[in-house]
Amino acid sequence: DTAVSQTPKYLVTQMGNDKSIKCEQNLGHDTMYWYKQDSKKFLKIMFSYNNKELIINETVPNRFSPKSPDKAHLNLHINSLELGDSAVYFCASSRGGNSPLHFGNGTRLTVT
Amino acid sequence: GENVEQHPSTLSVQEGDSAVIKCTYSDSASNYFPWYKQELGKRPQLIIDIRSNVGEKKDQRIAVTLNKTAKHFSLHITETQPEDSAVYFCAARNTGNQFYFGTGTSLTVIP
């Protein structure tokens with residue numbers, strides 16, 4: 001059973017399009033996250049969300065928006081895609097407190 | 001937010017030697033420090049973690065040390081093996097439950 005699952009695994013699209021990446025966790029965790037890993041392998045936090053609070057990293061363009069239909073899901077919507085959005089996007093979850101992040105397998109987004 | 005620095009960015013060691021990766025953090029309120037290993041094309045996976053009330057933790061060939069006063073923590077891998085080759089990330093969790101990652105260390109273990 002995959003604890004944190006995200007779809008699709010690969011996403012190739014053209015500039016200007018709008019796309020979504022889905023994420024689901026079956027760990028019962030309270031907090032979910034989205035991270036961007038660029039070509040230099042840097043892991044940058046984009047959002048963290050629990051049922052009380054959404055925290056947005058100030059460097060994230062407002063073309064990116066998280067949507068959480070329930071505690072187990074945190075989807076990522078991206079509008080007007082740009083070449084620089086090409087990266088691997090990881091969803092993650094955490095129980096909170098001194099507990100680690102559990103990552104999904106990543107979505108490789110390529111914008112042409 | 002938190003700022004985590006990690007050194008070195010690349011590290012090559014002979015099989016059987018030790019490898020040390022060092023990280024510093026800026027937010028003195030950060031209280032949890034996990035380390036992740038990421039193999040090529042895969043997700044980061046937790047290998048060891050340490051809480052702020054502990055100075056050292058060991059799990060077989062892997063150990064982590066934490067100096068809260070200096071705000072730095074280190075990963076030590078002994079008796080390295082080729083399968084240890086990967087990118088390693090340190091991270092710090094702040095009081096807002098956000099995890100900030102170092103820039104990664106690409107470790108190569110030469111057989």
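All heavy atoms count here, side chains included; hydrogens, waters and symmetry mates do not.
- Between chain B and the options A:Ser48, A:Pro100, A:Gly104, heavy-atom pairs under 4.5 Å are most frequent for A:Pro100.
- Residue contact with chain B, scored on non-hydrogen atoms closer than 4.5 Å, involves the side chain of A:Thr31 exclusively.
- Among A:Gly106, A:Gly96, A:Ser99, the residue making the largest number of heavy-atom pairs under 4.5 Å with chain B is A:Ser99.
- In this structure, the portion of B:Tyr36 lying under 4.5 Å from any heavy atom of chain A is its side chain and not its backbone.
- Heavy-atom distances place the side chain of B:Phe89, and not its backbone, under 4.5 Å from chain A.
- For a residue to count as touching a neighbouring chain, one of its non-hydrogen atoms must lie under 4.5 Å from one of that chain's; by this rule A:Glu53 does not touch chain B.
- The CD atom of A:Gln37 sits 13.5 Å away from the CZ atom of B:Arg43 when rounded to the nearest 0.5 Å.
- The line from CZ of A:Phe42 to CD of B:Gln6 is 10.0 Å long, rounded to the nearest 0.5 Å.
- Here the closest non-hydrogen pair linking A:Asn98 and B:Arg93 is OD1-NH2, 3.6 Å.
- The minimum heavy-atom distance between B:Gln38 and A:Phe90, with the atom names listed, is NE2-CZ, 3.6 Å.
- The number of heavy-atom neighbours closer than 6.0 Å to CD of B:Gln81, taken from other residues, nucleotides and ligands shown, is above 12.
- Follow the hydrophobic side-chain contacts under 4.5 Å out from A:Leu101 and you never reach A:Ile21; the two are in separate clusters.
- Inspection of the A:Tyr33 and B:Asn97 side chains reveals an N or O donor paired with an N or O acceptor under 3.5 Å.
- The neighbour count for B:Lys57 NZ, taken as heavy atoms of other residues, nucleotides or ligands under 6.0 Å away, is above 12.
- A:Tyr35 is not connected to A:Ile78 by any chain of hydrophobic side-chain contacts under 4.5 Å among Ile, Leu, Val, Met, Phe, Trp and Tyr, and they are in different clusters.
- Residue B:Glu83 places its CD atom among more than 12 non-hydrogen atoms of other residues, nucleotides or ligands, all under 6.0 Å distant.
- Atom CD1 in A:Ile45 sits 8.5 Å away from atom CZ in B:Phe99 (nearest 0.5 Å).
- Within 6.0 Å of CG in A:Asn62 there are 12 or fewer heavy atoms belonging to other residues, nucleotides or ligands.
- Crowding of A:Leu83 atom CG: a count of heavy atoms from other residues, nucleotides or ligands under 6.0 Å exceeding 12.
- Other residues, nucleotides and ligands contribute over 12 non-hydrogen atoms within 6.0 Å of the NZ atom of A:Lys67.
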